[in-house]
Amino acid sequence: MQDIRHLLNRISFGPRPGDKEHAEKIGAEKYIDQQLHPERIDDSAMEARLTSIPSISMTTAQILENYPNPRRFVRQLGLQPNDNQNGNNQALRQHVFLYYQEKGLRLPQKLLEELQAQKMIRAVHSERQLQEVMTDFWFNHFNVFWGKNADRWLTTAFEMSAIRPNIFGKFKNLLMATAKSPAMLFYLDNYLSSSPGSFRLLKTVTNRRAGINENYARELMELHTLGVDGGYTQQDVQEVARAFTGWSVEAPQRSGEFTFRPRMHDDGEKVVLGHKVNEGGMKDGEMVVDILAKHSSTARFISTKLVRRFVSDDPPQPLVNRVADVYKQTGGDVREMLRAIFASREFSSSQAIGAKTKTPFEFAVSAIRFLNGATDGSGQLAQMIARMGQPLYQCQPPTGYPDRGGYWMSNGAVLERLNFAAALGANRIPGTTVKSDEPIKSVVLMLGSPDFQKR
Amino acid sequence: MATTRRYFLKSSGLALAGLAAAPSFLVRTALAQTNAAPGKDQPIIIAIFQRGAADGISIVAPFGDEHYYSARPQIAIPEPKSGAAERAIDLDGFFGLHPALDSLKPIYNERHLAIVHAVGSPSNTRSHFDAQDYMECGTPGNKSLGDGWLNRYMQANPEDGATPFRSVAINSNVPRSLMGSAPSIAMTRLADFGLHGDLATTELEEAFADLYKETFEAVKMLRNANPQQYVPAKGVQYPNTSYGRALLEIAQLIKANVGLQVAFADVGGWDTHANQGSSRGPLANRLKDFGDGLAALYRDLGDRMRNVVIVTMTEFGRAIHQNGSGGTDHGHASCLFVAGGAVKGGKVYGRWPGLAPEQLFEGRDLALTTDFRDVFAEILVNHMRAKDVSKVFPQYQPGTSLNIV
């Protein structure tokens, strides 16, 4: 017997008025099944809210054209090479702003605002709640930092094309999509990694000698697949880095698409976790993805993270083992793993109910939903979430944000949550409105209560 | 459709009257009395974490080691005698400070800044996250302890009349070093620490104060100390970065005499896998911020520095050889700084292990000759008056005293 409110707290961003009654009417099993098949749920009302966000349906080439780097116009703008467009020079910023307005262009900063807006609109309004929860989960698992140079133009496609289409499918497809995504190749420096003996192809890159870069190889195993105790060595890191040499980004300022550069690739034989990798060319990296996706440490690591998200900060080991078995039996089918978690005793146990602390994003979205509110994703909402400790798309380390309650609750963070509750309850956040018959004070106390920080 | 009262009370599963039953992690009942705030002479430690693994041999360049320049043809820091416009600042004929750290040299000359080189964690992990965890827990290789080394120091050395501000991180989240049963405050800006807006009426504040006792005690205390009036010492300018502002807030708290003993700040951007540059470039820019911030904090605190020790740390160093992208991959030992009135500075501490191929750790990294716990333990015992550090660094026997503090 499922506790419906608990179910809604975990597989959605918290219930709206009426959600509980709806789920009760169709039954928990059917509700879960629907949420696992978002394509069967009509979401046109939410989609209509996204029409004001152009960048999310653009290719990276279109994004580069419509949200160009101001550095491209150094001459037209009369800038000095040392002028910093992000600095405090008010006059310069105004100059750039007017030039963009005149040309019908948008500043790159808009890309961040639009990414944040679409994330908040979908989380607040989508009927496909689990799809949004899983998009948030996988983005955080495969975190990239929007602020790292070219990632300002590449992160949009990362979420739309690498993460979103793959959230419920085979883990390997998701892994491959992220491995080939320009945002990841750039974020973890693999686009520069080349065979030590190779000819340098990147003419823009001076002062360098060819050679491998271990950054992606290490995080691929530590954070994306095996886990830090998953049984790989420094030697494996170097071998994996060799296998991925040549996986790069095409013309980062014009097309920004994935490309394989054969002349940067190390075609020698590699040994990764005891497997010989000698497919040659791009197939070397693909074979590594295959080896990692099939590894039992990956099954365990991914299961642990999913159980931590949906059950408790300290994942019950028997459940992790069962979910890892599902991974092995189904070739890493995420939908089936989730089904196993939701059907488990551990998921519905009294220890699990209310045991998770909401992240600032989850807290804000659940509060808006609880008060039957609406948002257009305007900037101030994102700023308030940032002040509570979670600037969206701006988590610098590749770990993503920790999924543990202790990380989020400090005295300072509590105060920011109370300030958010007060601003939301009084409808003082531009672009976001809520409805309530209650006296504002009760609403604010409710949202600020310790219980509402939990899900 | 408006939220109805019935829905509000029923669907929420919470009656407003039931809110007082708050989970214990949010409400600490055993808040110490705040009336007897410790005086101005209590020792203070300021810990600064350089997250991302800072490149020790660029920060304090071993220009006297013949292997340094061959390992890093493009990114080594030119030696002091070279004709380069920007070159290492000679410290002792063997080591040189990165030129972007020039603001630290006067403090070194005044013998209040010490450097420890080839220092770090004995664990051979090259994972940022494991290594940061190990360093912050103070237990390399052991993940079983849930609390941080500074928190265990506070647990083992309880202080009568400790205030909510005994331990503060200028950060929106509590760092691992401060996690544990001794309370800590994490805040990003002193000015924001409280309820604001037209709704922050006394009535609301009182209602929340029942739920979040410790938080509101701290709010009240800070309000009374009124640190908003703060103006740094004459001529001191902090970098206009989040790190610079964090250090300024720490100075504010110290001078407001709110009982601060343990302060923590982060500075990121050290994971220089690509294009790190040499005397100039991205790493130099990070170092300029880092060094200017430290120097500003030191000058701003002025004679308060007699009771303050600032210590920096990073999870590991970087590989000795530059990689294929003009950067450096993850390595082993690095360097750290210790500054303070009682610090025996003007010296680079630690045995230099050498950069010849056979002297490198695992054939690629700077070997470790000083365990970070030796430095931390010495600061806790000699400066922070810790009676015994066996609970702070369990199962660890500190090595020979460095005699820095």
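So that the names make sense, note that chain A is the first sequence line, chain B the second, and so on, each numbered from 1.
- Counting heavy atoms from C-beta outward, Y191(A) and S325(B) have side chains that stay 4.5 Å or more apart.
- Counting heavy atoms from C-beta outward, R364(B) and Q234(A) have side chains that approach closer than 4.5 Å.
- With a 4.5 Å cut-off on side-chain heavy atoms, F208(B) and V414(A) do not count as touching.
- Interface remark: N190(A) contributes no atoms to any contact with chain B (heavy atom separation under 4.5 Å).
- The two residues G406(A) and M179(B) have their closest heavy-atom pair at O-CE, 4.0 Å.
- Contact record, S449(A) with L211(B): CA-CD1, 4.3 Å, taken as the closest heavy-atom pair.
- Heavy-atom distances place the side chain of Q238(A), and not its backbone, under 4.5 Å from chain B.
- Your options are E219(A), Q396(A), Q390(A), and the one with the most heavy-atom pairs under 4.5 Å with chain B is E219(A).
- For chain A, the nearby parts of A186(B) are the backbone and the side chain; heavy atoms of each come within less than 4.5 Å.
- Residues A413(A) and S172(B) approach most closely at CB-O, 4.1 Å, considering heavy atoms.
- The number of heavy atoms from other shown groups lying within 6.0 Å of NZ (K148(A)) is above 12.
- Ranked by heavy-atom pairs under 4.5 Å with chain A, the list T328(B), V174(B), D130(B), D271(B) is led by D130(B).
- The shortest distance between side-chain heavy atoms of N173(B) and Y401(A) does not fall below 4.5 Å.
- With contacts defined as side-chain heavy-atom distances shorter than 4.5 Å, the pair E416(A)/D192(B) qualifies.
- Taking chain B as the reference chain and counting heavy-atom pairs below 4.5 Å, the highest number among P402(A), P397(A), G389(A) is found for G389(A).
- Taking every heavy atom of both residues into account, G194(B) and N419(A) meet most closely at O-ND2, 2.9 Å.
- Looking at heavy atoms from C-beta onward, N323(B) lies out of side-chain contact with E214(A) at the 4.5 angstrom threshold.
- Between D329(B) and V237(A), every side-chain heavy-atom pair lies at or beyond the 4.5 Å cut-off.
- Counting non-hydrogen atoms of other residues, nucleotides and ligands closer than 6.0 Å to CD of E24(A) gives a total above 12.
- Put simply, of D19(A), N213(A), D189(A), T399(A), the one with the most heavy-atom pairs under 4.5 Å next to chain B is N213(A).
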- Message: Before you tell me yes or no, could you show the steps for R387(A) and T188(B) under side chain to side chain contact (heavy atoms under 4.5 Å, CB included), namely the whole-Å CA-CA distance, both residues' side-chain angles and the distance that decides it to 0.1 Å?
- Response: CA-CA 8 Å; R387(A) 284 175 54 163; T188(B) 45; over 6 Å; no

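- Atom CG of residue L192(A) and atom NE2 of residue H273(B) lie 11.5 Å apart, to the nearest 0.5 angstrom.
- In this structure, chain B has a heavy atom under 4.5 Å from the side chain of L223(A), while its backbone stays farther away.
- Using a 4.5 Å cut-off on side-chain heavy atoms (C-beta onward), E222(A) and R126(B) make no contact.
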- Is there a side chain to side chain contact (heavy atoms under 4.5 Å, CB included) between N411(A) and F193(B) once you walk through the steps? CA-CA 9 Å; N411(A) 292 317; F193(B) 196 73; 4.2 Å; yes

